[in-house]
Amino acid sequence: MTGKAKRIPLWQELALALAIKGLVLAVIWSVWFSSPGDAGLNDQQVAARIFHGNK
């Protein structure tokens, strides 16, 4: 044995990193951005929620 650790090629390492990042971005999008919280709000209701909180 030569004592060297076996490494994967750079292109495979990059592809794996990109795949993991894509998966994480897909999860983040599906949890926080895929469906709006309240699609039925008009401009005045949005302004009221921003300036006066969720009362």
Side-chain angles (χ1 to χ4, degrees):
M1 294 208 153
T2 61
K4 289 185 177 181
K6 204 170 196 183
R7 289 188 45 98
I8 60 173
L10 181 61
W11 69 270
Q12 287 179 341
E13 197 170 328
L14 290 172
L16 179 63
L18 286 174
I20 291 171
K21 288 180 181 186
L23 179 66
V24 169
L25 284 174
V27 169
I28 289 171
W29 178 83
S30 68
V31 170
W32 283 289
F33 300 110
S34 64
S35 62
D38 216 346
L41 291 176
N42 62 21
D43 294 341
Q44 288 79 23
Q45 290 171 327
V46 170
R49 285 198 179 188
I50 291 172
F51 294 118
H52 301 294
N54 291 333
K55 295 179 182 177

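Just so it is clear, the values below take in all heavy atoms, side chains as well, and ignore hydrogens, waters and symmetry mates.
Under a hydrophobic-cluster definition in which Ile, Leu, Val, Met, Phe, Trp and Tyr are linked whenever side-chain heavy atoms come within less than 4.5 Å, directly or via other members, I20 and I8 are assigned to different clusters. When the side chains of ILVMFWY residues are joined at heavy-atom separations under 4.5 Å, either directly or via intervening members, W29 and V27 end up in a single hydrophobic cluster. Transitive grouping of hydrophobic side chains (ILVMFWY, heavy atoms separated by less than 4.5 Å) keeps L10 and L18 in distinct clusters.
Residues forming a side-chain hydrogen bond (donor to acceptor under 3.5 Å, both in side chains) with Q45 (at least two apart in sequence, or on another chain): none.
Considering CG of L23 and NZ of K21, their distance stands at 13.0 Å, rounded to 0.5 Å. Atom CG of residue L25 and atom OG of residue S30 lie 11.0 Å apart, to the nearest 0.5 angstrom.
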